[in-house]
> 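Here it is, the structure in full.
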Amino acid sequence: MLIVCFMSVSSFAQKADMKTVNIKTSAICESCQNRIQKALIKTKGISKATLNVDTKMVAVKYDAALISVEKIRTAISMIGYDADDVKADTKAYASLPSCGSGTEGTFAA
């Protein structure tokens, strides 16, 4: 019984730290969308990432006790995309495959 109570309190404490942030990216197609979402979900502290290709905004649900917004921006940069004012990592950007639109090299500075 004590274990069940502890798990309930622990689960509640984790939910209390959950936040959502919207970050502007340089993504331009569904391939970009899939790449960003899959990579962010694998990042410790992130529970959900949904990118809207039309607006280029990624909504990230995260545990503020485990990861900061700045680290989320850095994670997006390390995938090869701009994240708000954080520019894409040059090496990561160069290793991105061509987008479905065939405009590789046109969306990051």
Side-chain angles (χ1 to χ4, degrees):
M1 183 80 145
L2 183 61
I3 293 172
V4 171
C5 289
F6 177 76
M7 290 176 67
S8 295
V9 170
S10 176
S11 176
F12 177 76
Q14 288 178 350
K15 290 180 183 176
D17 289 336
M18 295 305 287
K19 296 184 178 184
T20 300
V21 65
N22 292 305
I23 298 174
K24 182 80 169 181
T25 70
S26 54
I28 60 173
C29 71
E30 287 182 16
S31 293
C32 299
Q33 178 186 44
N34 291 334
R35 192 173 298 106
I36 290 171
Q37 290 177 171
K38 285 180 181 179
L40 288 179
I41 289 299
K42 293 178 184 177
T43 303
K44 184 178 180 178
I46 296 176
S47 63
K48 186 175 182 179
T50 306
L51 179 84
N52 180 318
V53 177
D54 294 331
T55 64
K56 300 183 180 194
M57 297 294 289
V58 62
V60 181
K61 186 173 181 180
Y62 67 102
D63 185 337
L66 298 176
I67 191 166
S68 68
V69 173
E70 192 56 38
K71 287 184 180 180
I72 295 169
R73 288 184 186 114
T74 300
I76 295 168
S77 169
M78 297 309 294
I79 302 166
Y81 299 90
D82 294 346
D84 288 335
D85 60 342
V86 177
K87 295 295 181 190
D89 177 80
T90 306
K91 288 182 182 178
Y93 172 74
S95 69
L96 290 175
S98 296
C99 286
S101 63
T103 56
E104 179 184 20
T106 64
F107 56 88

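Note that these values count all heavy atoms, side chains included, but never hydrogens, waters or copies made by symmetry. Given the structure is predicted, the values throughout are model-derived calculations rather than measurements.
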> Give, for atom CD1 of I28 and atom OG1 of T25, the distance between the pair rounded to the nearest 0.5 Å.
10.0 Å
> Evaluate the side-chain proximity of V86 to I76: yes if any heavy-atom separation is below 4.5 Å, no if none is.
no
> Minimum heavy-atom separation for L96 and G80, please, with both atom names.
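Residues L96 and G80, closest heavy atoms: CD1-O, 3.5 Å.
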> May I ask you to decide if M57's main-chain N or O and N52's side chain share a donor-acceptor pair within less than 3.5 Å?
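Side chain of N52 to backbone of M57, a donor-acceptor pair under 3.5 Å: no, none is there.
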> Any side-chain heavy atom of N22 sitting closer than 4.5 Å to one from V58?
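No - every pair of side-chain heavy atoms lies 4.5 Å or more apart.
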> Let me see the working for Y62 and V69 under side chain to side chain contact (heavy atoms under 4.5 Å, CB included), right down to the final yes or no.
CA-CA 9 Å; Y62 67 102; V69 173; 3.2 Å; yes
> Is the backbone N or O of I46 less than 3.5 Å from a side-chain atom of T43, with the two atoms forming a donor-acceptor pair by type?
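Here the side-chain-to-backbone pair does not exist.
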> What pair of heavy atoms forms the shortest contact from A65 to D17, and how long is it?
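Minimum heavy-atom separation between A65 and D17: CB-OD2, 3.4 Å.
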> Taking only residues at least two apart or on different chains, which pairs with a member in residues 28-41 satisfy salt bridge (charged side-chain N to carboxylate O under 4.0 Å, His left out)?
none
> Looking at residues at least two apart in the chain, or sitting in another chain, which of them share a side chain to side chain contact (heavy atoms under 4.5 Å, CB included) with V53?
Q33, L51
> Could you work out, with side-chain hydrogen bond (donor to acceptor under 3.5 Å, both in side chains) as the rule, every residue matching D84, not counting sequence neighbours?
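Once residues adjacent in sequence are excluded, the partners of D84 under the side-chain hydrogen bond (donor to acceptor under 3.5 Å, both in side chains) criterion are R73.
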> Please give me the minimum heavy-atom distance between K87 and S77, naming the atom from each residue.
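Looking at all heavy atoms of both residues, the closest pair is O-OG, 2.7 Å.
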> Can you sort out the partners of A92 under side chain to side chain contact (heavy atoms under 4.5 Å, CB included), two or more places apart, ordered by chain and number?
D89
> With rounding to the nearest 0.5 angstrom, report the CD1 to OG1 distance, I36 to T50.
12.0 Å
> Return the minimal non-hydrogen interatomic distance between I67 and I72, and the atom names on each side.
CD1-CG1, 3.8 Å
> Considering residues at least two apart in sequence or located in another chain, which fulfil the side chain to side chain contact (heavy atoms under 4.5 Å, CB included) criterion with K61?
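Testing K61 for side chain to side chain contact (heavy atoms under 4.5 Å, CB included), a comparison that skips the adjacent residues, returns M18, T20, S47, K48.
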> Do the side chain of K19 and the main chain of V60 share a donor and acceptor less than 3.5 angstrom apart?
no
> Compare every heavy atom of A49 with every heavy atom of I41, then report the nearest pair and how far apart it is.
CD1-N, 3.6 Å
